[in-house]
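Here is the naming used below: chain letters follow the sequence lines, and residue numbers restart at 1 for every chain.
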Number of protein chains: 2
Amino acid sequence: MTVTAGEPREATGPGGSEGSGGPGGPELWRMLQRAQARITRALEAELLLGHDLALASYDVLTRLAESPDRRLRMNDLADRVLLSRSGLTRLVDRLQRDGLVEREACPDDARGLFAVLTDDGAVRLAEATPTYLRGVHAHLLGALGADELSRCAAVLARLAGPPSGEG
Amino acid sequence: MTVTAGEPREATGPGGSEGSGGPGGPELWRMLQRAQARITRALEAELLLGHDLALASYDVLTRLAESPDRRLRMNDLADRVLLSRSGLTRLVDRLQRDGLVEREACPDDARGLFAVLTDDGAVRLAEATPTYLRGVHAHLLGALGADELSRCAAVLARLAGPPSGEG
DNA sequence: CCTATGTAGATGCATGTGCAACGTTCTAAG
DNA sequence: CTTAGAACGTTGCACATGCATCTACATAGG
């Protein structure tokens, strides 16, 4: 058995315009990973530097702000934020320590908890949002054309699966 | 890095919907994150389940296998693998514990180390590669058309920045 | 030779993450 | 009412990650 079972020996490189033949798969995936990591790090650094806010925290705050009554069940929040349940528990712990979020029991279901955006959290989010938006434009949109943008949106929508961002 | 004086568009305050005017920016970024996370988790789970190999480990093994003499300086490897220096140190530690990789001093530079793919590591990589490829096809290519694929490749190549996979 | 600056990796520490297990509460079945 | 099973959220544990720091080596300048 050879080591290179299905590995593309040597790709044509980033400029190669091969649309079929196979090497597109893993290579595309690598690039997707790289792109995501690059943008994530840039955004995280800018947010952290300017507002002491991690990207995940910003996401939580945003989701909460988007939701009616600024509140969301932990479970739903976890889905939107792309974190495990335990991960969200810890993150909300931290946010609560910082006074950006509160936990509130919901009367309907005694085992359910709401994460509620506090006033302080809303302010912090409002302060950080311009930085976030600026970062997204600089790192994502800056490298894209308008047509590519819409195309990617369609493709990514399929890859991202269930939206889970709509309420 | 200088944050160019971009136009913050609309810094929607708390409660406002950020998407008004164009769903392109943050929404696209959200989808990119979701897509990457989704595929990463699926791949990681499959690789872990079938071969006791984390995705990062698989990446390291692959990079090593692609390189001449199956070896790479730690620094170069860290760039390719999208990990910090310390992160790579720990990962190679684990890989070395498992006998998949070895460290070798290089004669040119006494402070430099090569990470070398062992025979065992090559076997393990060969075993895992079909799973990996299958996963990429299932989760990435399965949702894409051929034309979308090449388009995305071009876009992502730009977003991913320097290839850093080429010598 | 000796010192100063830069580079390659490794390590201490703090943090973040997920899995598995747990307690609690809701729902269904008897 | 009692019991079984499922769902919500939290916690114990191990692990992975990054930043700042540290050691060892390399290179430039005296």
Side-chain angles (χ1 to χ4, degrees), chain A residues 33 36-38 40-49 52-60 63-64 71-98 100-116, chain B residues 33 36-38 40-49 52-61 64 71-98 100-116:
Chain A
Q33 285 180 107
Q36 197 270 351
R38 172 177 286 262
T40 292
R41 292 185 186 191
L43 244 47
E44 176 114 25
E46 292 165 9
L47 238 37
L48 228 41
L49 195 72
D52 271 316
L53 220 55
L55 191 55
S57 302
Y58 179 84
D59 269 1
V60 165
R63 299 299 189 174
L64 257 26
R71 74 189 51 209
L72 232 37
R73 291 282 291 266
M74 292 294 286
N75 228 331
D76 302 333
L77 189 53
D79 286 341
R80 283 168 173 73
V81 145
L82 220 46
L83 229 56
S84 70
R85 267 62 180 164
S86 62
L88 180 66
T89 293
R90 316 285 190 178
L91 180 52
V92 170
D93 282 351
R94 274 165 271 159
L95 257 24
Q96 195 170 19
R97 266 201 291 276
D98 290 348
L100 271 34
V101 162
E102 276 178 358
R103 278 182 170 90
E104 232 177 87
C106 69
D108 278 5
D109 198 332
R111 67 205 204 277
L113 282 180
F114 282 111
V116 189
Chain B
Q33 285 179 108
Q36 196 270 351
R38 173 177 284 262
T40 291
R41 290 185 185 191
L43 244 45
E44 176 113 23
E46 292 166 7
L47 238 35
L48 228 41
L49 195 72
D52 271 315
L53 220 56
L55 189 56
S57 301
Y58 179 85
D59 269 2
V60 163
L61 263 36
L64 256 27
R71 75 187 51 209
L72 232 36
R73 291 283 291 267
M74 293 294 287
N75 227 331
D76 301 333
L77 188 53
D79 287 341
R80 283 168 173 74
V81 146
L82 220 47
L83 228 57
S84 70
R85 268 59 181 167
S86 62
L88 180 66
T89 293
R90 315 286 190 176
L91 179 52
V92 170
D93 282 351
R94 273 164 279 166
L95 257 23
Q96 194 170 20
R97 266 199 290 277
D98 290 347
L100 270 35
V101 162
E102 277 178 358
R103 278 182 170 89
E104 233 177 85
C106 69
D108 278 6
D109 197 332
R111 67 205 204 274
L113 283 180
F114 282 111
V116 188

Worksheet entry | Residues in side-chain contact (heavy atoms from CB on, under 4.5 Å) contact with B/Arg111, at least two apart in sequence or another chain |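 Checked B/Arg111 against side-chain contact (heavy atoms from CB on, under 4.5 Å); matches are B/Asp109.
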
Worksheet entry | First encountered from the 5' end of DNA chain C, between A/Pro107 and A/Gly87 | A/Gly87

Worksheet item: Which heavy atom of B/Cys106 sits nearest a heavy atom of B/Phe114, and at what distance?
Response: CB-CE1, 2.8 Å

Worksheet, complete the sentence: Taking every heavy atom of B/Ala115 against every heavy atom of B/Met74, the minimum-distance pair comes out as CB-SD, 4.0 Å

Residues which pass salt bridge (Lys or Arg N to Asp or Glu O under 4.0 Å) with [X], listed by chain and number, not counting sequence neighbours:
{"X": "A/Arg103", "answer": "A/Asp93"}
{"X": "B/Arg85", "answer": "B/Asp79"}
{"X": "B/Glu104", "answer": "B/Arg71"}

Between the protein and nucleotides 6-11 of chain C, which nitrogen or oxygen pairs are less than 3.5 angstrom apart?
unit_1 : atom_1 : unit_2   : atom_2 : d
C/dT7  : O2     : B/Arg111 : NE     : 2.8
C/dA8  : OP2    : B/Asn75  : ND2    : 3.2
C/dA8  : O5'    : B/Asn75  : ND2    : 3.4
C/dG9  : OP1    : B/Arg73  : NE     : 2.9
C/dG9  : OP1    : B/Met74  : N      : 3.1
C/dG9  : OP1    : B/Leu113 : N      : 3.3
C/dG9  : OP1    : B/Leu113 : O      : 3.2
C/dG9  : OP2    : B/Asn75  : N      : 2.7
C/dA10 : OP1    : B/Arg103 : NE     : 2.7
C/dA10 : OP1    : B/Arg103 : NH2    : 3.3
C/dA10 : OP2    : B/Thr89  : OG1    : 2.8

Practice prompt. With rounding to the nearest 0.5 Å, note down the distance linking CG in B/Leu83 to CG in B/Asp59.
Written response: 9.5 Å

Discussion item. Under 4.0 Å from a heavy atom of chain B: give me the 5'-most and 3'-most nucleotides of DNA chain D that qualify.
Written reply: D/dA16 to D/dA26

Discussion item. Whole angstroms only, please: what is the CG-C1' distance between A/Asp108 and C/dT27?
Written reply: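 Those two atoms, CG and C1', are 15 Å apart.
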
Fill in: Euclidean distance, atom CZ of residue A/Arg97 to atom C1' of C/dG16 [Å, nearest integer]
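Atom-to-atom, A/Arg97 to C/dG16, this comes out as 12 Å.
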
Practice prompt. Please test A/Leu91 against A/Ser57 for side-chain contact (heavy atoms from CB on, under 4.5 Å), starting from the C-alpha separation and ending with a verdict.
Written response: CA-CA 7 Å; A/Leu91 180 52; A/Ser57 302; 3.5 Å; yes

